[in-house]
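Written below as structure tokens is the structure these notes are about.
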Amino acid sequence: MASVALSTKAVGSKVQLKLNGVKKNFIVVHQGKPSGIYDASCDGTWLLLEDIYETRQWHTSSVNKLENSTIHNYLNSTFLAKFDANIQAQIKQVKLPYRQNGGSGGTDRNGANGLSCKIFLLSGYECGWTTSNNPYFPVDGAKLAYFEAGTGTSANNKRIAKLNGSAAFWWLRSPDTSNTGYVWLVYSNGDCGYSVATSTYGIRPALVLPSSLLVSDDGSVTTNTAPTTPGTINVPGTIQGGSTIEISWTASTDAEKNLEGYIVERSTNGGSSWSQVYQGAALKTTNTVAASTQTVMYRVKAYDSDGLASGYRTSSQITVINNTAPTAPASITVPNTVYGGQSIVVTWGAATDPDGDAMTYALERQVDGGDWAQIYTGPNLSFTDPITRGWTSVAYRVKAIDSRSASGPYATSPTRTVNNNLAPTVTCSQTSGTDLGLKNTGFSVDYSVTDPDGDDVTVTEAIDGATQRTFTATPGQTYTFMVTGETFMKVLNGDHALTITASDGKMDTVHKLLFKKEITTAMITLVDAVPADARIAVCVLSVNGSLPADAVLKVEVTNNGLDDSPVWEDCTADVKAGANHVFTNETQLSGWAFNFKVTATRGPSGEGGYINSVQGGFQ
């Protein structure tokens with residue numbers, strides 16, 4: 001029969017459990033934890049007996065303390081024992097919200113402080129009532145999903161239960177909070193009321209099962225079963241002491257689909273004792289067999305998420321060969337960049353053999369994550385391997401083998417991505433690396449770019465790594481890298497690198513040219529002269545900054561700055577003295593206007609300086 005997880009059953013659907021060997025219908029009244037006031041143990045599938053099972057006293061005396069009640073003790077002993085043993089073991093021990101110490105004077109408890117039980121009666125809140133219906137309901141739960149009113153169905157109708165075919169009263173676990181002897185119950189019409197605890201009414205036991213249990217297509221709930229024993233276990237027929245071997249096994253099956261993994265154990269004394277060497281979900285593992293081990297055997301079992309395990313599948317006993325295998329090669333080196341269509345050299349460090357045996361090396365290659373294939377065996381510590389264009393990745397591993405065929409562990413390289421792209425080409429009359437020499441004025445470099453694969457190419461022009469321009473290039477078109485005007489002015493004196501980087505998004509080609517800038521004189525002036533209404537007779541200027549002692553500073557001023565040929569007067573001495581400069585010029589053709597020129601020239605020391613402001617005025 002087909003089976004589904006209990007968690008997939010809709011609220012309101014029915015499942016079957018046996019009571020005293022007779023199948024009884026239980027209603028799925030909730031899936032999961034009803035609310036935050038419940039302990040985590042309440043997370044599961046909530047079931048409620050469809051019909052009233054029998055009538056019983058809630059308690060033998062008029063005391064409504066649930067934790068000491070006759071009904072609580074009966075449900076969790078005599079009634080619990082009516083279930084099949086396998087179901088009893090699966091019923092969850094929960095901690096339910098309840099009224100501790102009974103009605104009047106009691107305390108509502110929930111969460112980790114709830115009442116511990118396996119079988120229980122529903123509370124008023126769980127059936128949909130609250131203190132808004134009656135102030136004497138304890139807050140001992142939250143409404144279960146089943147008691148939400150649906151289309152054409154009232155909550156009262158869902159609370160009606162039958163005993164021997166007729167609707168009857170049935171107990172809740174909720175005491176009346178206004179006294180110490182009354183307990184809430186459900187009337188035959190689905191409404192609520194209360195009665196003294198010694199009264200005899202029907203019981204509808206409820207319980208919580210793990211949602212992972214299975215429900216067959218006839219509604220029967222089944223418990224977990226152990227996985228099947230793995231069909232085979234595979235161990236190498238020849239084992240070298242000190243070597244690492246691989247153990248593999250075939251998969252088990254599990255009826256509940258909750259197979260979690262496998263445990264592998266090893267014995268080195270013919271099966272007298274075993275030690276665990278692996279636990280996990282894989283179908284193979286590796287294990288190092290220590291040198292001097294005489295015999296070894298392995299066994300494997302499967303286990304599921306509920307802790308059930310299969311029987312063991314045990315290997316035959318293998319006699320261990322105690323020749324000591326070589327060590328792993330000291331290293332393996334593969335170029336960081338691997339290009340399709342070109343060859344690479346793979347190198348590795350020497351291994352050592354504890355027995356002093358002669359060794360050879362076996363080099364293997366893995367292409368595109370596939371199987372390993374041997375490509376070289378011999379005494380050398382390097383191999384030149386041609387890379388086929390079209391491969392996407394390649395990796396290598398190498399091991400040493402002694403003269404008695406004992407193999408050491410592998411040294412494995414990182415996986416390298418194979419670059420099958422061809423880099424763009426930068427064509428320039430000056431080859432990359434050329435020194436363009438001394439530059440004291442702006443200059444330019446012409447070049448063009450192409451890409452063998454026809455990819456779009458982005459070009460970045462930079463000076464000392466600072467980007468000047470980025471654009472998408474047209475193949476073969478001539479472009480000019482302009483190092484002029486303001487761009488040249490911003491470059492400091494000294495050695496510099498100009499780079500043209502062509503990128504197709506996969507590979508970059510960098511064309512690098514060197515130059516040295518050497519400017520010894522700087523001049524500051526106003527772009528536009530400042531006009532005046534009358535002849536400018538006097539001015540005063542200050543030049544602020546830091547100039548070396550051997551630098552030459554010259555300051556000139558004019559009062560006819562709008563003329564085509566202004567008259568410039570030297571006022572350097574006045575500026576240095578902090579004195580006013582009196583103009584001698586008394587002519588103008590285009591109007592009176594003030595301007596200045598500040599010129600700084602490096603001295604023999606070559607030490608640089610700066611001017612950060614020129615201030616002053618005129619009249």
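Not a single donor-acceptor pair under 3.5 Å links the side chain of T293 to the backbone N or O of T295. Although no hydrogens or angles enter the test, the distance criterion places a donor-acceptor pair under 3.5 Å between the side chain of S315 and the main chain of Y298. Of the possible polar contacts, one joining the K158 side chain to the E148 backbone as a donor-acceptor pair under 3.5 Å is found. Checked by atom type and distance alone, the side chain of S174 pairs as donor or acceptor with a backbone atom of G124 at under 3.5 Å. A donor-acceptor pair is defined here as one N or O able to donate and one able to accept, closer than 3.5 Å; no such pair exists between the side chain of N101 and the backbone of G105. In this structure, R313 contributes its side chain and G231 its backbone to a donor-acceptor pair below 3.5 Å. Judged by distance alone, with hydrogens and angles left aside, the side-chain atoms of Q31 form a donor-acceptor pair with the main-chain N or O of L6 at under 3.5 Å. Side-chain atoms of N64 do not come within 3.5 Å of backbone N or O of V183 as any donor-acceptor pair. A donor-acceptor contact shorter than 3.5 Å links the side chain of H59 to the backbone of T70. The closest donor-acceptor contact from the side chain of D51 to the backbone of N164 lies at 3.5 Å or more, if one exists at all.
For S178, the side chain to side chain contact (heavy atoms under 4.5 Å, CB included) partners are Y136, D176, not counting sequence neighbours. For R416, there are no salt bridge (charged side-chain N to carboxylate O under 4.0 Å, His left out) partners two or more places apart in sequence or in a different chain. Here P34 pairs with H30, Y38, W46, L144 under the side chain to side chain contact (heavy atoms under 4.5 Å, CB included) rule; sequence neighbours left out. Scored by the side chain to side chain contact (heavy atoms under 4.5 Å, CB included) test, A330 finds no partners at all (sequence neighbours excluded). With sequence neighbours left out, the ring pair (Phe, Tyr, Trp, His ring centres under 6.0 Å) criterion links Y410 to no other residue. Scanning for salt bridge (charged side-chain N to carboxylate O under 4.0 Å, His left out) contacts around D355 gives R404, with sequence neighbours left out. Listed by chain and number, the residues in a ring pair (Phe, Tyr, Trp, His ring centres under 6.0 Å) with Y182 are Y194 (sequence neighbours excluded). Residues that satisfy the ring pair (Phe, Tyr, Trp, His ring centres under 6.0 Å) test with F169, not counting sequence neighbours, are Y187, Y201. In this view, R204 satisfies the salt bridge (charged side-chain N to carboxylate O under 4.0 Å, His left out) rule with no residue, not counting sequence neighbours. Scanning for ring pair (Phe, Tyr, Trp, His ring centres under 6.0 Å) contacts around Y74 gives an empty result, with sequence neighbours left out. Residues meeting the side-chain hydrogen bond (donor to acceptor under 3.5 Å, both in side chains) test with S331, sequence neighbours left out: none.
Residues I160 and A167 come closest through the heavy atom pair CG2-CB, 3.9 Å. The nearest pair of heavy atoms linking I119 to P205 is CG2-CB, 3.7 Å. Of all the heavy atoms in C42 and K95, the pair that sits closest is SG-O, 3.4 Å. The two atoms that bring I52 and L163 nearest to each other are O-CD1, 3.5 Å, heavy atoms only. In terms of heavy atoms, N73 sits closest to S77 at O-OG, 2.6 Å. Considering all non-hydrogen atoms of both residues, L48 and V29 come closest at CB-CG1, 3.7 Å.
Rounding to the nearest 0.5 angstrom, the gap separating the CH2 atom in W249 from the OG1 atom in T232 is 11.0 Å. With rounding to the nearest 0.5 angstrom, the CZ atom of R99 is 4.5 Å from the CG atom of D108. Note that CD1 of I37 is 8.0 Å distant from CG of D140, once rounded to the nearest 0.5 Å. Taken from NZ in K18 to CD1 in I87, the straight-line distance is 10.0 Å, to the nearest 0.5 Å. In this structure, L66 CG and S123 OG are separated by 10.0 Å, a value rounded to the nearest 0.5 Å. Within the model, atoms CG of D402 and CG of D353 stand 5.0 Å from one another, a figure rounded to the nearest 0.5 Å.
Side-chain contact annotation: S292 with N322, donor-acceptor N/O pair under 3.5 Å absent. A side-chain donor from one of T228 and T253 sits under 3.5 Å from a side-chain acceptor of the other. Between the side chains of Q57 and T200, not a single donor N or O lies within less than 3.5 Å of an accepting N or O. Using modelled atom types, one finds no donor on one side chain facing an acceptor on the other under 3.5 Å when comparing T180 with S104. In summary, the side chains of S41 and Q93 do not present any donor paired with an acceptor at a separation below 3.5 Å, with no hydrogens or angles considered.
With a 4.5 Å cut-off on side-chain heavy atoms, V346 and I332 count as touching. The shortest side-chain heavy-atom distance between R365 and V394 falls under the 4.5 Å cut-off. Counting heavy atoms from C-beta on, the side chains of L121 and L172 never come closer than 4.5 Å. For the pair T229/Y312, no side-chain contact is recorded, criterion being any heavy-atom separation below 4.5 Å from C-beta on. Using a 4.5 Å heavy-atom cutoff, the side chains of E126 and R173 are in contact. Side-chain contact between W171 and S195 is present, with heavy atoms from C-beta onward closer than 4.5 Å. Looking only at side-chain heavy atoms (C-beta outward), L207 and K118 stay at 4.5 Å or farther from each other. You'll find the side chain of V418 stays beyond 4.5 Å of the side chain of T392, heavy atoms only.
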Mind running side-chain contact (heavy atoms from CB on, under 4.5 Å) on N419 and T417 for me, showing each step along the way?
-> CA-CA 6 Å; N419 192 333; T417 299; over 6 Å; no
Can you check side-chain contact (heavy atoms from CB on, under 4.5 Å) on M297 and W274, steps first, answer last?
-> CA-CA 9 Å; M297 56 197 302; W274 297 86; 3.7 Å; yes
Just do the side-chain contact (heavy atoms from CB on, under 4.5 Å) check on V221 and L214 with the steps written out, would you?
-> CA-CA 6 Å; V221 177; L214 298 181; over 6 Å; no
Check step by step if side-chain hydrogen bond (donor to acceptor under 3.5 Å, both in side chains) holds for T352 and T327.
-> CA-CA 5 Å; T352 57; T327 65; 3.3 Å; yes
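With a 6.0 Å cutoff to the six-membered ring centre and a 45° limit on the axis angle, R397 counts as a cation-pi contact of W372. The cationic group of R159 lies under 6.0 Å from the six-membered ring centre of W129 and within 45° of the ring axis, placing it in a cation-pi geometry.
The aromatic rings of Y53 and F79 sit perpendicular to each other, their planes meeting at more than 60°, with 30° as the lower class boundary.
Legend: side chain to side chain donor-acceptor pair (under 3.5 Å) pairs involving residues 19-28, not counting sequence neighbours, sorted by first then second residue: Q16-N25, K23-D218, K23-S220, N25-E50.
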